[in-house]
Amino acid sequence: METFDAIVVGGGPAGSNCARTLVRSGMRVAVLDAARFPRVKLCAGWVSPPVWEQIGLSPGDYPHGIWEWKRMHVHFAGKTRSPGCRGWLIRRVEFDDFLLRRSGAEVVEHRVQKIERGQDGFVIDGRYRARFVVGAGGTNCPVARTLFPRKERKPVATQEREFEARTPFIGGDGEPEILLHDDLGGYSWSIPKSSWTNVGCGTVDPKALLPAWSQARRFFEEEKGPIPALDAVKGHSYYLFRSDHLRDCARDGVYLAGDALGLAHPLTGEGILPAVTSGRLCAEAILGGSDYRKLLESHPMFRDYRILAAVSAAPKKPLRFLTPLIPRLFAMAFSARPLPARRAIEWWQNHG
Ligand SMILES: Cc1cc2nc3c(=O)[nH]c(=O)nc-3n(C[C@H](O)[C@H](O)[C@H](O)COP(=O)(O)OP(=O)(O)OC[C@H]3O[C@@H](n4cnc5c(N)ncnc54)[C@H](O)[C@@H]3O)c2cc1C
């Protein structure tokens, strides 16, 4: 039996940022991951500006492929608009491996199955023991599955493929094309990263995915010609943020972070930023003995998410008058710009 101060299950962005914060304060930390890194994680690879602050790194010091994202081309309601945007594009296979190595934790390739409460903490699969366990194993995290209640709503569905082939695209390298679905129930993308291209599609309603994917594929192929690599897309699902997910974020020495908790941006599905933010807050709660749920609930970004989750649940028809503005609003959301007048909106939500 190997004993650690903390065990983090899952070495994605949530797990590695949590592990890094714990290690830096002197804890002995193991990250158990079922996969051997570098591993493929389905993801378009866009990273908004606050991510760098959360991981304590400047984009210029990131040693792998990186593309600055200044403009996007949004196809919506029969028109194409090209609003400005702020962010970066990376390749997840490189980014996650880099973050995990940099965490300084002991990384063990191990698929976690059984988590038991022991006398003084937890025992994992009869082999690893720790006072604290962090579940950062993504959508199907074994810690969330075995120790926390099921989420009430269904996750969003996605399909994607990143392939090595330069296809023609509008604009320059690192300028994503987004096909925003007319019902605002999802979007598809084609993202050029020099010799790599990432094409995918996501819908809030899982049943809408396949028809939306066919439509998106037709759209991109009409523009770029046949893309045979898209015959081999892969699917994945994950949960968008809801305020009630924060209720079940921790109990007695066990914590959840990132997709395991269901924290992705309620409109865009951005998941790396909430993953690294919750990973760090989780470590701070462990180190300071503080209330993790309060840290999450009072964080400005999650307060914005709470408002946006309410907006996304509202009927979409009244928003039609915003049609010309939607691409720009979408670009702002992609850039993780803080909501203007958040306090006033919160007041209105609580008293209005
Ligand atoms: C198609 C698609 C495109 C996306 N595009 C973007 C984007 O461009 N930008 C963005 O910000 N977000 C994007 N997201 C969301 C983002 O990828 C996730 O929200 C983010 O990866 C969450 O990070 P995480 O650390 O919580 O989980 P993950 O990155 O999923 O990491 C979880 C880790 O846990 C490990 N694990 C799972 N089960 C076990 C087990 N039993 N034992 C041990 N280890 C286990 C896995 O191997 C994995 O390494 C996208 C998602 C999808 C599906």
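For this chain, numbers begin at 1 and follow the sequence in order. Every number for a ligand or one of its atoms is a count from 1 in the order of the listing.
A salt bridge links R28 with E106: the closest approach of a Lys/Arg side-chain nitrogen to an acidic carboxylate oxygen falls below 4.0 angstrom. Taking a cutoff of 4.0 Å between a charged side-chain nitrogen and a carboxylate oxygen, E297 and R293 qualify as a salt bridge.
Judged purely by distance below 3.5 Å, without hydrogens or angles, the side chains of H236 and E160 never pair a donor atom with an acceptor atom.
Screening residues 15-27 for salt bridge (Lys or Arg N to Asp or Glu O under 4.0 Å) gives no qualifying pairs among residues at least two apart or on separate chains.
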Which atom pairs, nitrogen or oxygen on both sides, join ligand 1 and the protein at under 3.5 angstrom?
from	atom 1	to	atom 2	distance (Å)
ligand 1	5 (N)	A44	N	3.0
ligand 1	8 (O)	G45	N	3.0
ligand 1	8 (O)	W46	N	3.0
ligand 1	9 (N)	W46	O	2.9
ligand 1	11 (O)	G271	N	3.1
ligand 1	11 (O)	I272	N	2.9
ligand 1	12 (N)	G271	N	2.9
ligand 1	17 (O)	K41	NZ	3.4
ligand 1	17 (O)	R92	NH1	3.0
ligand 1	19 (O)	D259	OD1	2.8
ligand 1	19 (O)	D259	OD2	3.2
ligand 1	21 (O)	R92	NH1	3.1
ligand 1	21 (O)	R92	NH2	2.9
ligand 1	25 (O)	P13	N	3.2
ligand 1	25 (O)	A14	N	3.0
ligand 1	26 (O)	D259	N	2.8
ligand 1	29 (O)	R92	NH2	3.0
ligand 1	41 (N)	V112	O	3.1
ligand 1	42 (N)	V112	N	2.9
ligand 1	44 (N)	A34	N	3.0
ligand 1	47 (O)	D33	OD1	2.7
ligand 1	49 (O)	D33	OD1	3.4
ligand 1	49 (O)	D33	OD2	2.7
ligand 1	49 (O)	R39	NE	2.9
ligand 1	49 (O)	R39	NH2	3.1

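Not counting sequence neighbours, the partners of R91 by the side-chain hydrogen bond (donor to acceptor under 3.5 Å, both in side chains) test are E162. Checked against salt bridge (Lys or Arg N to Asp or Glu O under 4.0 Å), D61 has no partners two or more places apart in sequence or in another chain.
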